[in-house]
Number of protein chains: 2
Amino acid sequence: MITIKEIAKRASVSIGTVDRIIHNRGGCSEKTRQKVTKIIEETGFKPNVMASHLVKSRSYAIGIVMPFPYQNDNFWELSRTGIERGRSSFPHFDIKIKYYFYNRYADLTFFTVFEQAMGDGNDGLLIAPVLSLPAQEMLQKHKTDIPMVFFNASLPDSSIASFVGQDCFMAGMTVGRLMSILTGNEGNIALIDISPEDYHINIRAQGFEQFFAGNARIQIHRFSMPNSEDFSDFESLCTTIHDQLPDLKGMFIPNASTYRFAQAIDRIPFKNKVFIIGYDLIKENIECLKQGKIEFIINQQPIRQGIEALTILMNHIIHREVDRKELLLPIEIVARENLDSFTNIIRP
Amino acid sequence: MITIKEIAKRASVSIGTVDRIIHNRGGCSEKTRQKVTKIIEETGFKPNVMASHLVKSRSYAIGIVMPFPYQNDNFWELSRTGIERGRSSFPHFDIKIKYYFYNRYADLTFFTVFEQAMGDGNDGLLIAPVLSLPAQEMLQKHKTDIPMVFFNASLPDSSIASFVGQDCFMAGMTVGRLMSILTGNEGNIALIDISPEDYHINIRAQGFEQFFAGNARIQIHRFSMPNSEDFSDFESLCTTIHDQLPDLKGMFIPNASTYRFAQAIDRIPFKNKVFIIGYDLIKENIECLKQGKIEFIINQQPIRQGIEALTILMNHIIHREVDRKELLLPIEIVARENLDSFTNIIRP
DNA sequence: GCAATTTTCGTGTACGTAAACAATTTGCAA
DNA sequence: TTGCAAATTGTTTACGTACACGAAAATTGC
């Protein structure tokens with residue numbers, strides 16, 4: 001593997017010059033710059049990470065912009081776990097992580113928090129732009145060179161930064177397939193409209209409906225659920241559903257609040273068994289899955305999202321990679337039988 | 001983070017002495033050894049990987065002991081891809097990989113190949129002990145200090161080395177769940193006995209049967225398939241099955257040859273649709289899944305297995321970690337809708 | 001008690017890069 | 001042409017570890 005010294009020799013300049021050109025921190029003539037750049041490209045030189053980190057051995061400040069971890073059925077706590085896991089996969093890199101939590105039901109808090117994260121002199125940002133409109137607006141206003149990676153949710157304009165997450169539409173389609181099999185492909189199905197301001201959750205619902213498009217044997221009924229922390233609201237919505245569709249055969253809840261519906265449904269005497277499919281392996285959902293109150297869970301792999309996102313971000317920072325990647329993680333189907341394989345991954 | 005120099009100062013010896021003690025390459029008195037060791041333990045010192053690799057910058061020879069990649073429906077080609085992928089995740093580590101392929105239908109070739117791998121002075125070995133008996137015998141004979149990691153298949157005595165793979169029994173159970181839903185939990189189901197000498201494949205079948213234990217509505221029928229490369233053999237077995245069970249509702253093939261059965265079944269006029277569940281995302285199976293000839297595929301994540309196994313092995317070698325881990329990867333259920341999410345992971 | 005060993009320990013150099021500092025060349029006005 | 005500042009380039013040191021080499025100390029043999 002070629003070194004900076006070798007390049008200097010071939011270009012008949014000093015290593016200092018080569019170094020300046022690599023990090024384009026100016027102070028050299030255009031002629032030598034081109035000469036050296038040419039050799040770098042020809043030889044495919046890549047700085048040795050070991051050596052460069054050894055000499056720098058500085059700490060990296062990483063800001064995480066995401067919703068409050070306990071706001072939505074603490075799904076976001078899993079993302080946080082993943083980020084911390086990713087951090088520990090860089091031993092000897094002193095990564096200092098600072099969280100900037102926003103309230104996902106209040107656009108304003110996103111603005112505030114994002115500007116803080118920008119102003120704090122972070123070396124890189126990990127952003128979960130769940131509120132996609134404010135996020136987009138914000139990013140257009142603040143043109144910045146700080147490396148950024150989006151996770152969990154992305155923005156329509158993907159050229160801004162890398163993204164790690166799931167293909168929501170196909171995930172919805174996948175739920176459609178499972179629901180079709182569970183119900184014998186006929187009957188009434190409830191689709192819960194939850195947190196309508198969340199772009200991603202809506203795409204899931206659209207994918208689900210798309211699966212059944214043109215299928216007259218299945219009736220999909222949308223029900224709106226106001227954002228609420230109150231359990232009785234879930235219960236009363238389920239009662240309403242029962243009044244309208246006593247022969248309900250299935251229900252799809254496109255976010256982590258699945259367990260609340262599962263518990264409510266369990267107490268209401270529907271004609272048939274109501275098959276429930278939902279999202280995210282938070283502990284309440286896991287419990288319901290074990291008890292047979294939920295048939296399938298779609299896993300977004302929040303932990304792996306965190307790991308991958310931080311890895312991509314660190315590579316941006318360390319290697320100055322600038323290519324925008326989109327890492328779409330597998331859409332994982334979780335049933336009672338393979339559940340443990342998702343939770344107890346490592347056995348000592 | 002504490003350095004070797006700091007330890008030397010605290011123990012009032014030179015860094016050379018500390019270095020000798022860390023790598024216990026002798027040449028120092030017992031007294032100083034204890035003194036330094038104590039300080040190392042107290043401070044929790046860990047050598048800086050960057051620096052140590054920088055100075056060594058040697059190449060690592062890794063041997064891979066696995067079946068011929070194209071022997072079984074080229075499933076093993078995927079493992080190989082994963083290993084190469086893992087290799088490239090260690091840039092600046094000059095990892096030289098040498099493959100030692102054995103014939104999985106001939107124990108003797110395993111012996112030969114394994115001894116070669118041991119004798120070639122490799123720094124570490126990645127082993128797929130598909131033929132578990134010969135492997136176990138071999139490993140008891142050759143006590144060795146070469147770091148090893150098993151992948152795909154493990155051995156009953158797991159204390160020998162780390163393992164990366166899947167919980168086969170629970171994977172079989174998972175297939176049971178899917179089959180139960182697909183068939184409406186009733187009818188005749190065929191379970192194919194394929195490559196009986198493969199411990200892992202049998203465990204999958206056992207898990208599958210266990211799921212239906214005590215369930216009188218489902219009848220599971222085992223059919224033996226001799227190892228063969230001949231397509232007409234698959235066809236004739238399917239004809240036999242049709243003669244015996246014209247109302248067959250489902251079929252489980254516990255390895256990568258699923259597509260051969262799917263194609264044969266497709267040409268035979270069974271009474272009902274025969275739902276097929278099988279293993280491994282090789283391209284023929286992917287094609288059948290897309291065409292609706294296969295309902296579900298269980299993914300073993302061979303690529304990730306390769307990546308993880310090599311990562312664990314390299315950590316053993318570089319950091320001298322010796323803890324034996326068991327990394328059980330998620331049992332992934334693949335349907336037509338989420339298929340792409342498993343194959344097109346990275347979009348540029 | 002002294003030389004010849006052996007054991008134990010310290011010093012110096014190298015790995016490849018980053019960045020401060022020193023040295024050199026260039027451009028331009030006087 | 002000279003002087004002087006600005007632009008450009010070269011040199012040196014440091015990062016933390018590994019290891020060769022040599023120096024010092026301890027041990028042995030006579």
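Because the structure is a prediction, the values reported are computed rather than measured. Reminder, nothing fancy here: chain letters follow the sequence lines and each chain counts from 1.
Residues meeting the side chain to side chain donor-acceptor pair (under 3.5 Å) test with B:Glu332, sequence neighbours left out: B:Asn299. Every side chain to side chain donor-acceptor pair (under 3.5 Å) that A:Thr32 has, sequence neighbours left out, goes to A:Ser29. Scanning for side chain to side chain contact (heavy atoms under 4.5 Å, CB included) contacts around A:Asn24 gives an empty result, with sequence neighbours left out. B:Gln140 is linked by a side chain to side chain contact (heavy atoms under 4.5 Å, CB included) to nothing, counting only residues two or more places apart in sequence or in another chain. A search for salt bridge (Lys or Arg N to Asp or Glu O under 4.0 Å) contacts involving B:Glu137 returns nothing, not counting sequence neighbours. Residues passing the side chain to side chain donor-acceptor pair (under 3.5 Å) test with A:Thr81: none are found, sequence neighbours excluded. In this structure B:Glu6 satisfies the side chain to side chain donor-acceptor pair (under 3.5 Å) test together with B:Arg10, sequence neighbours excluded.
The interatomic distance linking B:Ile21 (CD1) with C:dT8 (P) rounds to 11 Å, in whole Å. In this structure, A:Glu30 atom CD and C:dT26 atom C1' are separated by 17 Å, rounded to whole Å. Between B:Lys46 atom NZ and D:dG16 atom P there is a gap of 17 Å when expressed in whole angstrom units. With rounding to whole Å, A:Ile22 atom CD1 is found 13 Å from C:dA19 atom C1'. Atom P of nucleotide D:dT9 and atom NZ of A:Lys31 are separated by 8 Å, given to the nearest angstrom. Between A:Lys9 atom NZ and D:dG10 atom P the separation is 15 Å, expressed in whole Å.
In this structure a side-chain-to-backbone donor-acceptor pair under 3.5 Å is missing from B:Gln136 to B:Leu155. For the pair A:Gln301 (side chain) and A:Pro330 (backbone), a donor-acceptor distance under 3.5 Å is present.
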Between protein and nucleic acid, restricted to nucleotides 20-24 of chain C and to nitrogen or oxygen atoms under 3.5 Å apart, what atom pairs and distances do you find?
none

Between N or O atoms, less than 3.5 Å apart, protein on one side and nucleotides 13-16 of chain C on the other: list the pairs.
| unit_1 | atom_1 | unit_2 | atom_2 | d |
| --- | --- | --- | --- | --- |
| C:dC15 | O2 | B:Val55 | N | 3.3 |
| C:dG16 | N2 | A:Ala51 | O | 3.3 |

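The salt bridge (Lys or Arg N to Asp or Glu O under 4.0 Å) contacts involving residues 116-131 of chain A comprise A:Arg58-A:Asp123, A:Lys98-A:Asp120, where partners must be two or more places apart or lie in separate chains. Sorted by first then second residue, the salt bridge (Lys or Arg N to Asp or Glu O under 4.0 Å) pairs that include residues 40-51 of chain B, not counting sequence neighbours, are B:Lys38-B:Glu42.
Dashed line: the shortest gap from a side-chain N or O of B:His23 to OP1 or OP2 of D:dA18 is under 4.0 Å. Look at B:Thr32 and you'll find a side-chain N or O under 4.0 angstrom from OP1 or OP2 of C:dC9. An OP1 or OP2 oxygen of C:dG10 is reached within less than 4.0 angstrom by a side-chain nitrogen or oxygen of B:Thr17.
For the helix from C:dG1-D:dC30 to C:dA30-D:dT1, the axis fitted to the five pairs at one end and the axis fitted to the five pairs at the other end meet at an angle of 50° (nearest 10 degrees).
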